[in-house]
Amino acid sequence: MSVVVPGASWSSAWMSHVSGDAGGVARLRGSAAHRVYSVVVFLILASIDNVAAVLVPPLYAPIARDLAVPESALGLVTAATFLVAAIAAVGWAYVGDRTRRKPVLLVGTLVWAVGTAGTAVSDTYVAFFGAQLVAAIGLGAVASVGFSVVSDLISPKRRGLVMSFWGLSQGAGTLAGTLLAGLLGASDWRRPFVVLAIVGLVATVAYLLTYDIPRGRSEPELAAVFEHGGEYDHRISRSDLPDILRRRTNVWLVLQGVTAQFVFGSLVWLPRLFQAKAEQQGYPEETAIVVGSLFATLFQLGGITSILGGLVGDRLQRRTPRGRALVASIGILGGIPFYVVLFFLPLPIDIGEPDGLGAVVAAALTSLVTQPMVGLSFLAALLALALTSANSPNWFALLADVNPPEHRGTVYSLGNLANGVGRSVGNGVVGLVFRTLEKGGIPPPLNYAIGLAAFQLFFVPTGVMYWLASRTSPRDIESVRHTLRARATAATADGVPPTSGTTEGSTPDSDRRRAR
């Protein structure tokens with residue numbers, strides 16, 4: 001590792017130019033307020049990322065009709081975008097782990113904004129498909145590189161809590177995307193994409209002022225390096241990849257995403273299930289889309305409790321290094337029965353003669369307290385989401401705990417790739433299951449309920465893999481801490497920094513081998 005005096009970044013220079021007060025900007029750069037602002041912007045970016053990811057499924061029916069294709073063809077688009085975003089994230093993350101991350105994120109954000117705008121003006125299926133793929137490529141940068149930056153903005157002891165907000169922001173994006181699609185897209189499916197493209201451009205401007213956090217800045221083992229005015233200059237190289245994969249906790253954390261996302265990928269059809277339940281009661285499609293999107297949004301509010309999952313994970317992790325993985329395992333397995341109940345409960349609502357969007361929304365909300373089955377569905381959804389949401393913050397935090405700073409973006413992207421594969425397969429295959437059941441004589445909404453319930457079985461191996469990760473994580477966490485302490489000691493020995501230059505290809509495992 002080299003220790004060098006950090007220079008001013010292009011972002012702080014830009015801020016100085018805008019403010020005309022270089023001294024004031026210098027004091028602001030890296031302050032507590034600047035860090036909080038940066039975390040908030042990254043949370044918003046992560047949220048918008050998920051808005052874009054879920055905007056299409058609630059609008060399958062009108063988009064399919066406008067583009068003259070079956071709904072299954074749009075399911076293919078959704079599956080492909082999940083997969084492309086995950087593959088692109090690996091490339092974005094590797095570049096981000098080798099270079100400065102801020103320009104990488106800026107370019108990625110602009111790319112997905114352009115793709116979203118292109119979606120809004122698409123008049124053919126091919127154009128729609130292409131625009132969605134462009135947006136997916138940009139989305140890969142926001143998720144993977146953003147995770148690496150956020151992990152450097154927070155200390156390990158608060159990692160679960162802050163990562164719960166990271167995960168919650170993604171859940172909020174899912175809710176907002178579903179709601180945006182239903183409320184703005186019921187009469188014109190293109191409108192939500194226009195709004196999202198504009199929001200993306202605004203977010204890009206806000207992002208210009210974020211703190212370009214030094215890599216490894218939050219690690220206690222590296223505190224002495226930064227106190228001496230130095231920087232952590234280790235960067236990933238291709239030779240590190242075998243050691244990353246030999247770290248057993250990484251294997252379990254990556255693989256669990258495949259089976260978990262089979263389930264989460266299938267759940268993007270939840271608005272379609274509720275829409276079908278509304279249509280079964282005789283409501284027209286436009287009204288049913290609003291009802292389906294609204295209930296899907298309301299029923300996912302249990303994701304807010306991911307904050308509790310992060311807090312519990314932090315607390316248990318301080319008692320045992322197995323803590324985070326155990327919390328995730330218990331949460332995933334515990335949520336299964338509540339999801340199954342949610343899928344099969346009836347959803348009786350009394351809208352009467354639909355008289356505008358406000359009347360539909362008011363009637364749907366009123367049914368939460370006037371219809372016992374709707375209230376029970378809401379309770380089942382809250383419990384299901386409360387339990388499974390413990391997975392998200394503890395996965396993020398554990399991934400950061402068992403990897404050195406220069407590996408985190410890449411390892412996250414590998415996990416995200418596994419997630420993308422699982423989510424695309426889950427989303428695509430469950431659509432085939434729905435059609436097969438319907439052709440076999442099981443009409444909507446029962447075909448949707450049976451298909452979604454069957455996919456809950458994939459949560460079982462997910463919970464088992466988290467339990468296996470709880471057995472390997474203590475050793476891997478200590479390995480990373482030992483390596484960072486050794487690097488900091490070498491960098492600050494006798495107060496003389498080593499020769500300047502970037503060190504590549506050095507991992508905890510390879511460092512131990514050289515030490516021996």
Side-chain angles (χ1 to χ4, degrees), residues 47-48 50-63 71 78 168 170-193 195-196 264 266-305 338-339 341-386 389 444-445 448-449 452:
S47 176
I48 296 173
N50 280 264
V51 171
V54 302
L55 207 53
V56 175
L59 300 172
Y60 276 164
I63 296 175
E71 288 188 31
T78 302
L168 183 59
Q170 296 184 352
T174 300
L175 298 180
T178 303
L179 194 59
L180 185 67
L183 299 184
L184 292 184
S187 58
D188 181 3
W189 69 263
R190 300 176 188 275
R191 192 181 302 155
F193 295 96
V195 171
L196 185 60
F264 290 125
S266 70
L267 290 176
V268 302
W269 287 81
L270 205 55
R272 190 68 184 87
L273 167 65
F274 298 143
Q275 177 187 334
K277 289 184 178 183
E279 289 174 336
Q280 186 184 41
Q281 297 173 58
Y283 294 110
E285 181 185 90
E286 185 173 331
T287 300
I289 289 176
V290 174
V291 170
S293 298
L294 181 63
F295 277 121
T297 302
L298 289 172
F299 288 178
Q300 293 182 69
L301 290 177
I304 294 174
T305 57
F338 297 105
Y339 269 122
V341 169
L342 170 65
F343 300 147
F344 287 99
L345 282 175
L347 199 67
I349 52 175
D350 184 13
I351 299 176
E353 289 296 325
D355 185 22
L357 178 63
V360 175
V361 172
L365 293 176
T366 301
S367 68
L368 287 172
V369 293
T370 60
Q371 296 289 344
M373 287 296 101
V374 177
L376 189 58
S377 295
F378 183 57
L379 178 60
L382 287 179
L383 292 173
L385 265 295
S389 292
Y448 293 115
L452 290 172

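The chain is numbered in sequence order, starting from 1.
- Note: Phe343 and Tyr339 have parallel aromatic rings, judged against thresholds of 30 and 60 degrees for the angle between ring planes.
- Side-chain contact between Phe295 and Leu368 is present, with heavy atoms from C-beta onward closer than 4.5 Å.
- Not one N or O on the side chain of Tyr283 forms a donor-acceptor pair closer than 3.5 Å with the backbone of Val291.
- Atom CG of Leu273 and atom CH2 of Trp269 lie 11.5 Å apart (nearest 0.5 Å).
- For the pair Met373 and Pro348, the tightest heavy-atom approach, listed with the atom from each and the gap, is CB-CD, 3.8 Å.
- Here the straight-line distance linking atom CG of Leu184 with atom CG of Leu196 works out to 11.0 Å at 0.5 Å rounding.
- When all heavy atoms of Ile289 and Pro62 are compared, the closest pair comes out as CD1-CD, 3.9 Å.
- Residues Pro57 and Tyr60 have side chains in contact (heavy-atom distance under 4.5 Å, counting atoms from C-beta outward).
- The CG atom of Leu59 lies 10.5 Å from the CD atom of Glu71; values are rounded to the nearest 0.5 Å.
- Two residues are said to be in side-chain contact when any heavy atoms from C-beta on lie closer than 4.5 Å; Phe378 and Leu345 fail this criterion.
- Between Pro445 and Leu347 there is no side-chain heavy-atom pair separated by less than 4.5 Å.
- With hydrogens and angles disregarded, a donor-acceptor distance shorter than 3.5 Å links the side chain of Ser367 to the backbone of Ala364.
- Here the closest non-hydrogen pair linking Phe338 and Ala380 is CB-O, 3.6 Å.
- Note that the CG atom of Leu180 and the CZ atom of Arg191 stand 10.0 Å from one another [nearest 0.5 Å].
- Note: Phe274 CZ to Leu298 CG = 9.5 Å, rounded to the nearest 0.5 Å.
- Side-chain N or O atoms of Gln281 include one that pairs as donor or acceptor with a backbone N or O of Ile349 at under 3.5 Å.
- Rounding to the nearest 0.5 Å places CG of Leu294 at 5.0 Å from CG of Leu365.
- Considering every non-hydrogen atom in both Ala181 and Leu55, the closest pair reads CB-O, 3.6 Å.
- Considering only heavy atoms from C-beta on, Pro346 stays 4.5 Å or farther from Lys277 through its side chain.
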